[in-house]
Protein chains: 2
Amino acid sequence: MATGKRQSLGPADWTRAALDALARGGLAAVAVEPLAKELGTTKGSFYWHFADRNALLAATLKLWERRDTERVVASLDEAPDPLSRLRRLLHLAFSSVGDGEAETAGTVELALQASASQPLVAETLARVTKRRLEVLSALYVELGLAPARARDRALLAYTAYLGHAQIAHATPDLMPRGRAFTTHVDDVVKALVDVD
Amino acid sequence: MATGKRQSLGPADWTRAALDALARGGLAAVAVEPLAKELGTTKGSFYWHFADRNALLAATLKLWERRDTERVVASLDEAPDPLSRLRRLLHLAFSSVGDGEAETAGTVELALQASASQPLVAETLARVTKRRLEVLSALYVELGLAPARARDRALLAYTAYLGHAQIAHATPDLMPRGRAFTTHVDDVVKALVDVD
DNA sequence: CCTCCTCCATACGCCTCCGTATGGAGACTT
DNA sequence: AAGTCTCCATACGGAGGCGTATGGAGGAGG
């Protein structure tokens, strides 16, 4: 009977905090003692629920991957024709990355991308990226492209998204703002959808 | 040995080693004691030539930026017409990033991109990115695009390059190999050059 | 030869993080 | 009420990094 309102912490609290820290400060920020301080507790609590830091990392990555998968399949509906779906998907992805100041989306992904030397990170990143590429590729196939070319275009679209997120995060001053941002996204989507 | 005839180390040796370490292990690898061990010396040497770690970082970033600038202006010649130049530039950039195993180019850039929280890093990264975008933008203008659209296309090309490098570095298994890689790059260049 | 000045080695204190050991404070059972 | 189990606090040892202090080794100059 653990559900309900317990005042004591569970593993879920730690993974949630770790995911937050990961988004804010990268992989290095997923550290036991700082997280403990942030949660108002001590390491004693952590090492009760987890074997070591790596176990927390694994759980955190799992949580992120699960959320991401849900998000992907969720956004896959809406709009019947493939062209609209692709447009909508790209537009959402590129817009969410960060106009102005709100930089909520994609920061975890960038943090992981930066720490791909860690095997655990590399694995989950590979899985997620693979899945996204498959989704994109399928959409291009629906648009009438041959599988090989569809995969190329999917890769281009995804790399563009990645770099877009990268710029928006690292050097946001070089990203157009407000109206210019909107037109830029429109232009990008147009270029990526256009399959001559 | 190579440069002068001094067997004692100078600041240049440290910055070169630091740049290497930066490419290999990211910003965290630019650490005094590990570098000292690698150079076969101790911290005593380092703190004679530099005030602190931050000074080394500044010098290292400066070195990279200088090299990068030279590389950019050097690759800007060759080929008379703008379309050939753009093609050549993009092809070079995307190809150098890492077919197969050789991952020499762009790793420093990715390391910096990952550590943009550091103000020093953010500054130099912004300068370099800005300059590259200007070069690309100018090329698109030469191709006949209006300045605003040229800048959008330049940003798209650069973000695609960034993401391309990102994928090649973090999840190289998802990048086509050999012949497929070549055709992919061709396809990408074609899509980026095409300005309908 | 002696001295000074450059360059580096060694040793130290401080900090942050990891992981372990151990001793409770509560709650829950019997 | 006593025992037991869950969860956490505290204390400890170790590793690795930063920066400082201090003492040479060795050549340049007098």
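Nothing here was measured: the structure is a model prediction, and the numbers come from that model.
Between B:Tyr161 and B:Tyr158, the angle of the ring planes lies from 30° to 60°, which puts this pair in the tilted group. Relative orientation of the B:Phe181 and B:His164 rings is tilted, given thresholds of 30° and 60° on the angle between their planes.
In this entry the distance linking CZ of B:Phe46 with P of D:dG17 reads 14 Å, nearest Å. One atom, CG of A:Leu35, and another, P of D:dC8, lie 15 Å apart when rounded to the nearest Å. For the pair B:Leu27 CG and D:dG17 P, the computed distance is 14 Å after rounding to whole Å.
In this structure a side-chain-to-backbone donor-acceptor pair under 3.5 Å is missing from B:Ser115 to B:Leu112. Under a 3.5 Å cut-off, the side chain of A:Ser96 and the backbone N or O of A:Ala93 do form a donor-acceptor pair. The closest donor-acceptor contact from the side chain of B:Arg53 to the backbone of B:Val30 lies under 3.5 Å.
In this view, B:Ser84 and B:Ala79, B:Asp81 satisfy the side chain to side chain contact (heavy atoms under 4.5 Å, CB included) rule, not counting sequence neighbours.
For the side-chain contact (heavy atoms from CB on, under 4.5 Å) criterion with B:Leu139, the lone passing option out of B:Glu134, B:Arg87, B:Arg85 is B:Arg85.
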Could you write out each protein N or O paired with an N or O of nucleotides 9-16 of chain D at a distance under 3.5 Å?
from, atom 1, to, atom 2, distance (Å)
D:dA9, OP2, A:Thr41, OG1, 2.5
D:dA9, OP2, A:Thr42, N, 2.9
D:dA9, OP2, A:Thr42, OG1, 2.7

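Using a 4.0 Å cut-off on heavy atoms, none of the residues of residues 50-64 of chain B approach DNA chain C.
Each of D:dC8, D:dC18, C:dC18 was ranked by its minimum atom distance to the side chain of A:Ser8; first place goes to D:dC8. With D:dC7, C:dC18, C:dC7 as the candidates, the nucleotide lying closest to the side chain of A:His49 is D:dC7.
Around the CZ atom of A:Arg151, the shell of radius 6.0 Å holds no more than 12 heavy atoms that belong to other residues, nucleotides or ligands.
Remark: A:Trp48 is not in phosphate contact with D:dC8, judged by side-chain N or O atoms under 4.0 Å from OP1 or OP2.
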